[in-house]
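Hydrogens, waters and symmetry mates are skipped; everything else that's a heavy atom, side chains included, is used.
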Amino acid sequence: MTALQYNRTRVFLTGFMGSGKSTIGPILANTLGYKFVDLDKLIEEQAGKRIVEIFETMGEAGFRPLEKKVLAEVSSATECVISLGGGTIANDENFRWIRKSGSLVYLKLSPDEVLKRLSRKTDRPMLKDEQGSTLPPDVLQAKVLTLLRQRE
């Protein structure tokens, strides 16, 4: 696919948590005259729980099927910018579906910038320990670097 050949009816934004998907998404949608959809917000609405609570009660293994279901539902919408969760495209089936359904834009940050943006965040379940506590800086750095490598 060249830069000129893309599906303009759906634009998917991906990137690591803190990359700016929820900030840039509405701006891009407004510029294109599209609606903005935040996948995590839709998951929360359908589940009746915040993402943090879903991870606390069901773990990542329980969250990912919900994410896949909501992604399939939203992928049928047209003229929209869809902000994906940080790990949505880590699933091969999700990735293939997204690539087939629209244009995928990757918001990439350096590991240092990711750590700077996430160091004070307390609402990211992937950056907590098993007890739900915030990770110490050295453990946070190791976890972020591991997740970045896996998702790249």
Side-chain angles (χ1 to χ4, degrees), residues 1 7 9-26 28-29 34-78 80-152:
M1 194 184 280
N7 180 338
T9 63
R10 278 176 226 93
V11 179
F12 295 93
L13 298 180
T14 190
F16 200 74
M17 59 187 101
S19 64
K21 300 179 299 285
S22 295
T23 301
I24 292 171
L28 177 60
Y34 287 5
K35 62 185 171 227
F36 174 69
V37 179
D38 185 314
L39 189 66
D40 283 346
K41 298 256 186 272
L42 279 179
I43 294 167
E44 288 177 341
E45 288 172 16
Q46 288 195 14
K49 298 179 185 178
R50 295 184 61 229
I51 298 293
V52 173
E53 295 169 313
I54 296 169
F55 270 80
E56 286 172 355
T57 58
M58 302 169 63
E60 185 175 6
F63 172 77
R64 295 300 173 193
L66 289 172
E67 179 182 58
K68 184 184 253 182
K69 174 184 166 285
V70 175
L71 175 64
E73 291 169 6
V74 77
S75 293
S76 64
T78 59
C80 60
V81 174
I82 302 166
S83 171
L84 302 171
T88 306
I89 67 167
N91 175 290
D92 289 337
E93 191 176 331
N94 288 349
F95 182 68
R96 283 190 303 275
W97 178 254
I98 290 163
R99 290 293 307 255
K100 184 175 80 172
S101 302
S103 298
L104 180 62
V105 178
Y106 177 26
L107 304 179
K108 186 173 182 175
L109 297 176
S110 70
D112 288 340
E113 185 62 26
V114 169
L115 285 166
K116 187 170 116 180
R117 291 184 184 191
L118 296 179
S119 63
R120 292 183 193 85
K121 295 279 187 183
T122 59
D123 63 340
R124 308 294 172 135
M126 294 294 292
L127 300 180
K128 293 185 176 196
D129 64 18
E130 284 111 26
Q131 290 75 39
S133 301
T134 303
L135 298 173
D138 58 328
V139 177
L140 174 65
Q141 180 178 15
K143 176 97 180 211
V144 165
L145 292 174
T146 298
L147 285 171
L148 279 169
R149 274 193 298 274
Q150 288 171 348
R151 293 177 179 179
E152 275 295 313

If we ignore hydrogens and angles and just use 3.5 Å, is the side chain of Arg99 paired with the main-chain N or O of Leu104 as donor and acceptor?
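Judged by distance alone, no pair lies under 3.5 Å.
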[X] vs [Y] side-chain heavy atoms within contact, under 4.5 Å:
| X | Y | result |
| --- | --- | --- |
| Ile82 | Ile98 | no |
| Phe63 | Ile51 | yes |
| Leu42 | Glu73 | no |
| Gln46 | Leu66 | no |
| Leu13 | Val81 | yes |
| Arg64 | Asn91 | no |

Do you know the tightest heavy-atom contact between [X] and [Y]?
| X | Y | answer |
| --- | --- | --- |
| Leu109 | Gly18 | CD1-O, 3.6 Å |
| Gly62 | Pro65 | O-CD, 3.5 Å |
| Cys80 | Tyr34 | N-CD2, 3.4 Å |
| Phe36 | Pro26 | CD1-N, 3.6 Å |

Those residues that, when tested against Lys35, pass side chain to side chain donor-acceptor pair (under 3.5 Å) (two or more places apart):
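Expected list: none.
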Roughly how far, to the nearest 0.5 Å, is OG of Ser76 from CZ of Arg10?
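The distance works out to 7.0 Å.
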Distance from Glu67 atom CD to Ile43 atom CD1, nearest 0.5 Å?
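Interatomic distance, Glu67 CD to Ile43 CD1, rounded to 0.5 Å: 5.0 Å.
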I'd like to check the side chain to side chain contact (heavy atoms under 4.5 Å, CB included) partners of [X]; sequence neighbours left out, ordered by chain and number.
| X | answer |
| --- | --- |
| Thr23 | none |
| Leu107 | Ser19, Lys21, Ile24, Val105 |
| Ser75 | Phe12, Leu71, Trp97, Ser101 |

For residues 37-46, pull every pair meeting salt bridge (charged side-chain N to carboxylate O under 4.0 Å, His left out), keeping only residues two or more places apart or in separate chains.
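Sorted result for residues 37-46: empty, none.
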Filter on salt bridge (charged side-chain N to carboxylate O under 4.0 Å, His left out), then keep only pairs touching residues 102-115, sequence neighbours left out; what's left?
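As it turns out, the salt bridge (charged side-chain N to carboxylate O under 4.0 Å, His left out) pairs with a partner in residues 102-115, which skip direct neighbours, are Lys108-Glu152, Glu113-Lys116, Glu113-Arg117.
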